[in-house]
> 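Pasting a structure here, questions to come.
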Amino acid sequence: METVSRMTDTDEAEDDAEHAVIAHYRPAEDGLGEPSQRETVRQSQSLLTQAIEQAGADEFDGNEYGGGEVILYADGPDADAPSAVMAPVLNDLPFRPAHVFLRYGSVDDPSAAQHRADLRRDDGE
C-alpha cells in the first residue's frame, strides 16, 4: 500500500482530525456474499484488530456489508499508522476488485485529503 505524506498548518490541527482507513472489497455480485466469504472477513477482522492494538495505531472500527461489497474501517488521529499495520492482512483478503482509501480528516470535512490505492495480492491479482 502506498504511503502519502501530508502537511498541516499546526500539529494541533492534525491531532484533532479524525483520519480513517476504509478498505472496499467485492466478495459477491450482490447481497452479503457467501457464508464462507463472511467467515474469511471475520477472521481478517480479528487479525486487523490484533495488529492495530499491538502497534498502538488507532482502532479497528468494524465493517459494513451490502450490495455485494464489504467495507472495513479503522479510524483515529493518523491514517498512516493503521494502514501500515493493516496492509498485509488487507492484501491477503482474496476478494477483488479491492481498494483502500486513506482519509486525512473528518468525514464531515469535504476538503479532507484522500488517497486511494488499489489492492493487489502477491500473486498479481
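Since this is a predicted model, take the numbers as computed values, not measurements.
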> Looking only at heavy atoms, what is the nearest atom pair of G68 and P27, with distance?
O-CD, 3.2 Å
> Evaluate V70 against E64 for side-chain contact (heavy atoms from CB on, under 4.5 Å), listing each step before the verdict.
CA-CA 6 Å; V70 61; E64 183 178 311; over 6 Å; no
> How far apart are the closest heavy atoms of G33 and A28, and which atoms are they?
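Minimum heavy-atom contact is CA-CB, 3.6 Å.
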> Could you check if a side-chain atom of P97 sits within less than 4.5 angstrom of a side-chain atom of D118, using non-hydrogen atoms only?
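A side-chain contact under 4.5 Å is absent here.
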> Rounded to the nearest 0.5 Å, how far does OG1 of T49 lie from CZ of F60?
5.5 Å
> The test is side-chain contact (heavy atoms from CB on, under 4.5 Å); show your working for H19 and D75 and say whether it passes.
CA-CA 6 Å; H19 296 190; D75 58 27; over 6 Å; no
> As a quick check of understanding, evaluate ring pair (Phe, Tyr, Trp, His ring centres under 6.0 Å) for Y104 and H115, giving each step before the final call.
CA-CA 9 Å; Y104 298 101; H115 173 74; 8.1 Å; no
> Using the rule side chain to side chain contact (heavy atoms under 4.5 Å, CB included), only one of R96, Q37, E69 pairs with Y25; which is it?
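By the side chain to side chain contact (heavy atoms under 4.5 Å, CB included) criterion, Y25 pairs with just one of R96, Q37, E69: R96.
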> For the pair H99 and H24, name the ring-plane relationship: parallel under 30°, tilted 30 to 60°, perpendicular over 60°.
parallel
> For the CD1 atom of I71 and the CZ atom of R26, what is their distance to the nearest 0.5 Å?
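The CD1 atom of I71 sits 9.5 Å away from the CZ atom of R26.
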> Applying side-chain contact (heavy atoms from CB on, under 4.5 Å), run through I22 and L72 and close with a yes or a no.
CA-CA 6 Å; I22 307 163; L72 305 175; over 6 Å; no
> Looking only at atom types and distance, does a side-chain atom of D109 sit under 3.5 Å from a main-chain N or O of G105, one as donor and one as acceptor?
no
> Over all heavy atoms of both residues, which pair between V89 and S44 is shortest? Give the atoms and the distance, please.
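That would be CG1-O, 3.8 Å.
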> OG/S83 to CG/D78 distance, rounded to the nearest 0.5 angstrom?
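S83 atom OG to D78 atom CG measures 8.0 Å (nearest 0.5 Å).
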> Any sub-3.5 Å donor-acceptor pair from S46's side-chain atoms to R42's backbone N or O?
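Not confirmed, S46 side chain does not pair with R42 backbone.
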> Apply side chain to side chain donor-acceptor pair (under 3.5 Å) to residues Q54 and Q50 and explain how you reach the verdict.
CA-CA 6 Å; Q54 287 174 355; Q50 289 173 359; 5.4 Å; no
> More than 12 heavy atoms of other residues, nucleotides or ligands under 6.0 Å from CD of Q114: is that the case?
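Check passes, neighbour count above 12.
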> What distance separates Y73 OH from R103 CZ, expressed to the nearest 0.5 Å?
9.5 Å
> Could you go step by step and tell me if V21 and F101 meet the side-chain contact (heavy atoms from CB on, under 4.5 Å) rule?
CA-CA 6 Å; V21 178; F101 283 105; over 6 Å; no
> How far apart are the closest heavy atoms of A20 and A79, and which atoms are they?
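Heavy atoms only, the tightest pair is O-CB, 3.7 Å.
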> What is the distance from atom CG of L90 to atom CG of L47, rounded to the nearest 0.5 Å?
10.5 Å
> Please round to the nearest 0.5 Å and tell me the distance separating atom CD of Q43 and atom CG of L93.
10.0 Å
> Would you say I52 and M86 make side-chain contact, with heavy atoms under 4.5 Å?
yes
> Does a side-chain heavy-atom distance below 4.5 Å link Q45 with N63?
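Yes; the side chains approach each other to less than 4.5 Å.
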